[in-house]
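For reference, the structure discussed in these notes is given below.
Labels below follow one simple rule: chain letters A, B, ... track the order of the sequence lines, proteins then strands, and each chain is numbered from 1. Bear in mind that the values here come from a model prediction, so they are computed numbers and not experimental data.
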Amino acid sequence: MRAVDDVSWKLEKGESLGLAGESGCGKTTTALSIIRLLPKNGRIIDGHIRYSGKDLATIKESELRRIRWKHIAIVFQGAMNALNPVKRISWQIAEAIALHDNMSFDEAQGRVVELLELVGINPSRKDEYPHEFSGGMRQRVMIAMALACRPKIIIADEPVTALDVMIQAQILELLTKLQKELDLSMILISHDLSVIAQTCNNVAIMYGGKIAEYGPAEEVFLDPQHPYTQGLLRSFPDIYGPRDLPPWIPGQPPNLLAPPDGCRFHERCPLAFAECLVREPPLYETRPGHLASCHLRAPST
Amino acid sequence: MTEIQRMVLRRLRNALITIFGIIVLNFFLINVMGDPLTLIGHSPRTSPDVTDNTCLRLGLCARDINGKVYELDLFQRFLAYMKDFFTGNMGTSFHWQNTAVLDVIGPALSWTFLLIGTSTVITILIGMVLGALSAQHRGKPLDLATTGFSLFFYGMPFFWLALMMQLSFTKPEFNLHWWPVFPSSQEYDFSIAIFDWTNPSNIASALYHLILPAATLALGTVAGVSLVMRNSLIDVMTEDYVVTARAKGLAERIILRRHVLPNGLPPMVTLIALDMAFIFGGAYQVEYVFSYRGIGWVTIEAINNYDFPVLQFVVVIGGIAVVIANFLADLILIKIDPRIKVA
Amino acid sequence: MAFPSGSVSYWLRRRFGISEVRREKFVLTMNRLKEITNSVVHHRMGGIGFAILGFFVTMAFIAPFLPIPPPEHSFLDSQGNQLQYLQPSWEHPFGTDQMGRDILSRVIWGSRVSLLVGFLASVIAGVLGTAVGLVSGFSGGWHDEVLMRINDILLSLPWLALLIVLAQILGGHLSLDVIILTIGLTSWNFTARVVRAQVLTVKERVFVERAKASGASNATILRKHIFPNVFPLVFANTILTVAVAILSEATLAFLGKVDVGTLSWGVVLHEAEASGAALNGWWAWIVMPGLSLVIVILGFSLLGYALDEILNPKLRER
């Protein structure tokens with residue numbers, strides 16, 4: 001099956017891009033394929049991933065290994081299992097440094113302390129195990145680990161999911177602060193639009209393995225062009241509005257083993273018309289830099 | 001008291017409760033099998049003199065103040081059993097006349113330990129290596145071959161494997177004449193003392209007779225351990241931290257050594273401890289087929305001859321050994337797996 | 001084979017797209033079972049296991065209609081002596097035994113008892129194990145403590161000795177029903193452990209909390225919410241228990257602990273051993289019943305393995 005199809009964007013230095021959408025729509029798959037981390041039965045059939053003159057989709061595995069973490073690091077979803085439970089956190093951070101910067105684990109300890117201070121963890125805790133930290137603290141460890149080799153790009157995959165709201169805010173603040181200070185590029189994946197709205201310059205809304213809408217975050221959120229984005233934004237409770245259930249989008253995301261003909265969203269789209277059932281809409285540019293994959297946005301209409 | 005100490009104490013308490021339960025259950029199980037005197041061929045009603053003596057000797061009767069013999073009821077026998085058990089008096093065997101239970105069990109145990117010791121230590125290691133290779137090459141021919149081999153031997157009853165070994169590898173006047181090297185069950189003579197270092201030919205003979213039973217037991221062990229190891233490692237390989245390790249740019253070989261094995265091995269300790277019960281069960285059957293005079297052979301003889309004192313003791317020490325093995329595995333696990341400390 | 005807790009609900013969600021809300025109302029029906037069966041058949045290992053079992057079950061059913069001599073019939077020579085210990089020939093493909101009976105016929109008929117004992121004993125073990133696991137996991141507290149200690153004790157006792165002693169108690173002589181009961185009563189502990197672990201995780205789920213809050217009785221929660229989530233696990237486990245039960249029966253029979261006149265693969269092997277078949281080179285007498293046993297057990301293992309891979313998302317290739 002094609003979990004992700006026809007997805008493309010550009011990420012400039014120092015910029016942050018948000019990938020949003022319901023669960024199972026291909027956000028994580030897209031992110032993992034950037035450094036070819038798809039599980040054994042997944043592969044990139046076609047396409048390019050260009051990074052400073054190289055195509056990451058085709059270079060040799062050994063060459064790719066040197067780029068991983070050194071240039072592109074990942075902050076994984078729910079740091080519980082992303083950290084090895086039987087190794088001390090200092091060891092895990094030092095492992096990356098030792099590998100890419102040709103140091104011994106002992107020599108890397110100085111940098112480990114530096115990193116922990118950077119993310120706001122008391123370095124005296126460096127020899128503890130992951131389970132001894134709270135969820136938010138583990139996420140901080142994960143961020144410290146991602147920064148270990150001074151990467152150019154950080155991919156944050158649901159970095160605040162499963163954390164409580166106060167901690168979420170702290171972690172997001174930390175991420176944005178570090179991104180600005182270290183001039184990092186960041187790809188932030190989240191199903192939570194408010195998270196992306198707080199942190200990203202650009203946003204790509206994904207649906208059924210495709211990009212539904214892409215554009216500057218402000219524009220997309222204030223003036224959504226795709227009915228799916230509109231639905232998503234409407235389903236956010238308005239804290240100042242009346243106290244009832246917000247409207248939701250009825251139905252379920254499409255089964256990617258047998259994607260529907262035509263537009264992938266037509267089964268749930270309130271505005272669907274005849275053409276949506278037969279022809280897949282391309283990405284139409286509605287405004288410079290703002291794209292939407294919807295027949296309603298075709299230039300003729 | 002720290003968390004760990006509390007946990008060790010709780011495990012210790014559970015182990016002690018289990019051992020006590022085994023001791024009690026054991027008595028009742030064996031005593032409700034039927035009236036021991038009838039079962040061993042005495043009829044209490046027909047010849048009072050003979051049976052009085054037997055009854056007294058077997059600890060089923062006692063004399064009252066007037067010297068009159070009376071039968072003890074179940075509860076009295078239970079009290080006597082508990083008292084004897086905790087004072088180390090295990091009684092005498094019914095079947096091996098006039099031999100103390102400990103003298104029946106002692107040599108048998110040493111033969112069994114020789115058998116299990118030679119066949120399992122190395123094979124557990126081999127099984128783990130095979131399982132690791134299989135997991136690493138998952139889905140490739142090596143994995144399919146290993147898993148196929150393991151599934152085949154894992155499901156094989158030990159007694160049949162023993163028969164097949166006997167059919168294939170014993171002396172030429174009996175068998176298929178393939179490889180006329182090893183002694184058949186009819187030639188097993190265990191009247192010799194084990195580890196008689198003064199007599200080298202005895203040791204050589206003991207080892208010679210050990211080869212087939214040990215090989216049989218080994219095949220079963222390798223299969224079981226490698227299957228479990230494979231599954232355990234595959235479980236770990238799909239964990240998020242392995243993806244993290246890959247994202248860090250580590251080579252697969254290093255990921256296996258630094259991230260997969262340290263997480264996959266601790267559960268193996270428990271599984272191997274549990275497996276020991278399975279291996280003992282296998283040893284019973286192998287010993288029976290080869291007439292190898294270990295604890296399994298003794299047990300089956302005791303069952304066939306309603307030898308209650310021996311049977312009671314065998315069941316109890318078997319059970320206690322398993323409980324202790326599991327308790328030790330727990331201790332090792334607490335020592336080597338940092339996760340447990342909070343769980 | 002161990003199932004990580006929670007795997008089943010994960011699998012249900014992935015497989016049937018059951019959302020948190022719909023999962024609450026989810027009740028396992030025969031349809032779901034059929035879906036599991038379908039996935040098993042299409043699984044490579046599961047398909048082989050299914051074929052093997054299909055073959056043996058069919059053989060057991062049609063044994064009376066096959067062109068083979070009755071299993072108890074002794075062949076005689078012209079002098080009226082039993083044709084003992086014949087080597088394999090066209091007439092007797094697996095040879096004859098100590099009473100001149102056709103071993104092929106005995107192996108085919110033997111499959112009936114072996115399979116019957118396997119199925120019935122594992123049903124007993126499955127029901128018992130599920131009940132103990134549900135009570136233990138759901139009510140917790142001292143019920144749980146007591147049941148788990150009993151479980152520990154049964155797991156620790158030397159299995160074979162326990163089996164033989166228990167069989168002796170239950171019947172004095174070891175008829176088929178006593179054997180089935182004995183094996184059933186000694187094989188439930190693994191199922192109980194697995195079910196208990198699963199109940200413990202299901203119990204914490206939102207929908208159970210909500211049902212409790214809305215005043216549902218314990219019985220209702222067990223029946224409507226917990227049991228459906230535990231059932232697939234019990235099903236997979238019972239398949240594995242069948243293999244264990246067949247092995248147990250074969251072992252008991254091989255040690256001569258089964259009534260004379262019963263006919264199972266274990267009994268055939270017992271007679272072979274007692275006649276010294278291994279030492280006399282009467283290979284077919286040992287190889288054939290044993291191989292049947294091994295292949296049937298392999299069939300159940302493959303099926304269990306396939307179910308494990310299907311029910312356990314971690315083992316599936318991700």
Using non-hydrogen atoms and a 4.5 Å limit, figure out which bit of B/Leu233 sits close to chain C: side chain, backbone, both or neither. neither
Top contributor to chain C contacts, counting heavy-atom pairs under 4.5 Å, from [options]:
options	value
B/Leu161, B/Ile22, B/Thr299	B/Ile22
B/Ile17, B/Val323, B/Asn14	B/Asn14
B/Phe280, B/Tyr284, B/Phe153	B/Tyr284
B/Thr147, B/Val228, B/Val315, B/Leu25	B/Val315
B/Ala302, B/Pro157, B/Gly296	B/Pro157

Student check: side-chain heavy atoms of B/Asn263 and B/Tyr241 closer than 4.5 Å: yes
pair C/Phe190-C/Thr241: side-chain heavy atoms closer than 4.5 Å: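 Heavy-atom side-chain distance check fails, nothing below 4.5 Å.
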Need one label for [X]: side chain, backbone, both or neither, based on atoms under 4.5 Å from any heavy atom in chain B.
X	value
C/Leu293	side chain
C/Val287	both
C/Leu291	both
C/Ala250	both
C/Ile286	both

Using the ring of each side chain (for Trp, its six-membered ring), is C/Phe254 parallel, tilted or perpendicular to B/Tyr288, with breaks at 30° and 60°?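 Geometry flag for B/Tyr288 against C/Phe254: perpendicular rings.
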Could you check whether the rings of B/Phe27 and B/Tyr81 sit parallel, tilted or perpendicular, using 30° and 60° as the cut-offs? tilted
Regarding C/Asp152 and C/Arg149, does a basic nitrogen lie under 4.0 Å from an acidic carboxylate oxygen?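 Counted as a salt bridge, because a side-chain N and a carboxylate O are separated by less than 4.0 Å.
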Is it true that B/Arg13 and C/Glu145 have a side-chain N and a carboxylate O under 4.0 angstrom from each other? yes
Any side-chain to backbone donor/acceptor pair from [X] onto [Y]? Under 3.5 Å, distance only.
X	Y	result
B/Ser232	B/Gly264	yes
B/Trp297	B/Gly294	no
B/Glu287	B/Ile295	yes

Chain B contacts, top residue of C/Leu302, C/Ile150, C/Val294, C/Ile153 (heavy-atom pairs, under 4.5 Å): C/Ile153
Please determine, among C/Ile295, C/Thr251, C/Leu298, C/Val296, the option with the most heavy-atom pairs under 4.5 Å with chain B.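 Heavy-atom pairs under 4.5 Å are most numerous for C/Thr251.
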